[in-house]
Amino acid sequence: MSASPPADHPPTETAPDPLSDVAAEAAGKLGEALEYVERARGQLYEFHHHIGHADLMLDEVLEGLEKGGHADLVALIRERVYGRDVLQGRWTYQVVDEFDDGYYAAWKDVTATVREKVPGGGRHEHEAALKRRRSPLSDPDLSAPPSPNRTT
């Protein structure tokens with residue numbers, strides 16, 4: 001039978017589990033790493049758009065060279081770059097799709113699993129704690145969490 005603490009001493013909180021803290025920190029690092037993968041994904045989409053735009057511009061280039069009487073240059077462009085794969089057997093949309101379905105999907109899945117299984121390992125936990133410490137508690141609009149029904 002355990003003794004109750006004296007009335008003038010409130011019960012003590014359980015000491016933090018250093019292993020949980022280390023795991024939560026690692027989960028946070030994984031989330032940060034995923035943000036870098038997200039940024040790389042954005043750059044991959046930017047690459048896809050730039051290459052697509054350049055490829056579409058070739059139609060005007062070919063038309064201009066044809067009108068200018070440069071059939072040899074038209075033939076060169078058609079032979080060497082017009083409709084060319086950016087990687088063997090693949091256009092950029094295929095590279096993006098392969099990235100999304102493979103590498104990116106694996107990162108998202110693993111990160112979600114880790115966040116689900118590690119206490120304190122949720123999305124942006126560090127930032128949420130920072131917000132709680134810095135937000136003026138006198139203004140509930142600044143310190144309250146966003147509404148789950150928020151659309152913007």
Side-chain angles (χ1 to χ4, degrees), residues 1-64 77-152:
M1 186 163 152
S2 75
S4 299
D8 60 335
H9 290 81
T12 58
E13 292 183 24
T14 307
D17 179 357
L19 293 180
S20 292
D21 290 346
V22 168
E25 187 175 326
K29 276 283 187 220
L30 181 62
E32 183 180 354
L34 175 61
E35 290 178 9
Y36 278 93
V37 171
E38 296 276 8
R39 292 172 70 183
R41 180 175 180 255
Q43 292 173 352
L44 182 60
Y45 271 84
E46 189 170 346
F47 168 77
H48 164 59
H49 294 155
H50 284 304
I51 295 295
H53 184 76
D55 189 67
L56 290 174
M57 290 177 72
L58 285 178
D59 292 329
E60 294 176 35
V61 170
L62 292 171
E63 184 180 327
I77 290 170
R78 285 191 183 280
E79 180 185 321
R80 301 283 309 279
V81 294
Y82 192 74
R84 183 183 178 115
D85 295 341
V86 294
L87 296 174
Q88 188 169 348
R90 290 184 297 233
W91 276 23
T92 58
Y93 76 91
Q94 293 167 304
V95 174
V96 168
D97 288 350
E98 186 176 330
F99 177 85
D100 277 352
D101 295 344
Y103 190 84
Y104 179 67
W107 268 87
K108 292 283 285 184
D109 182 54
V110 165
T111 302
T113 299
V114 169
R115 285 177 173 158
E116 180 182 298
K117 294 188 181 251
V118 174
R123 294 172 57 190
H124 297 103
E125 288 285 338
H126 173 75
E127 290 90 340
L130 189 61
K131 179 182 184 228
R132 286 191 297 274
R133 287 194 307 273
R134 290 186 177 183
S135 292
L137 297 178
S138 60
D139 186 344
D141 290 334
L142 293 178
S143 59
S147 165
N149 300 328
R150 186 174 173 188
T151 58
T152 58

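The residues of the chain are indexed from 1 along the displayed sequence.
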Partners meeting side-chain hydrogen bond (donor to acceptor under 3.5 Å, both in side chains) with [X] (sequence neighbours left out):
| X | value |
| --- | --- |
| Arg41 | Asp100 |
| Asp101 | none |
| Arg90 | Glu98 |

What pairs of donor and acceptor atoms, side-chain ones from residues 48-55 against any protein atom, are under 3.5 angstrom apart with sequence neighbours left out?
| unit_1 | atom_1 | unit_2 | atom_2 | d |
| --- | --- | --- | --- | --- |
| His48 | ND1 | Thr92 | OG1 | 2.6 |
| His49 | ND1 | Tyr45 | O | 3.4 |
| His50 | NE2 | Glu46 | OE2 | 3.4 |

Non-neighbouring partners of Arg78 that pass side chain to side chain contact (heavy atoms under 4.5 Å, CB included), sequence neighbours left out: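 Here the qualifying residues are Leu62, Val74, Tyr82.
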
Side chain to side chain contact (heavy atoms under 4.5 Å, CB included) partners of Val37, counting only residues at least two apart: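 With sequence neighbours excluded, Val37 shows a side chain to side chain contact (heavy atoms under 4.5 Å, CB included) to Leu34, Phe99, Tyr103, Tyr104, Trp107, given in chain and number order.
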
Asp85 side chain near Trp91 side chain, heavy-atom distance below 4.5 Å: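 Result yes, sub-4.5 Å side-chain heavy-atom pair found.
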
Residue pair Ala24 / Pro119: nearest heavy atoms and the distance that separates them: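 Looking at all heavy atoms of both residues, the closest pair is CB-O, 3.6 Å.
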
Passing option when His124 is tested against Glu32, Glu35, Lys131 for side chain to side chain donor-acceptor pair (under 3.5 Å):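 Single pass found, and it is Glu35.
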
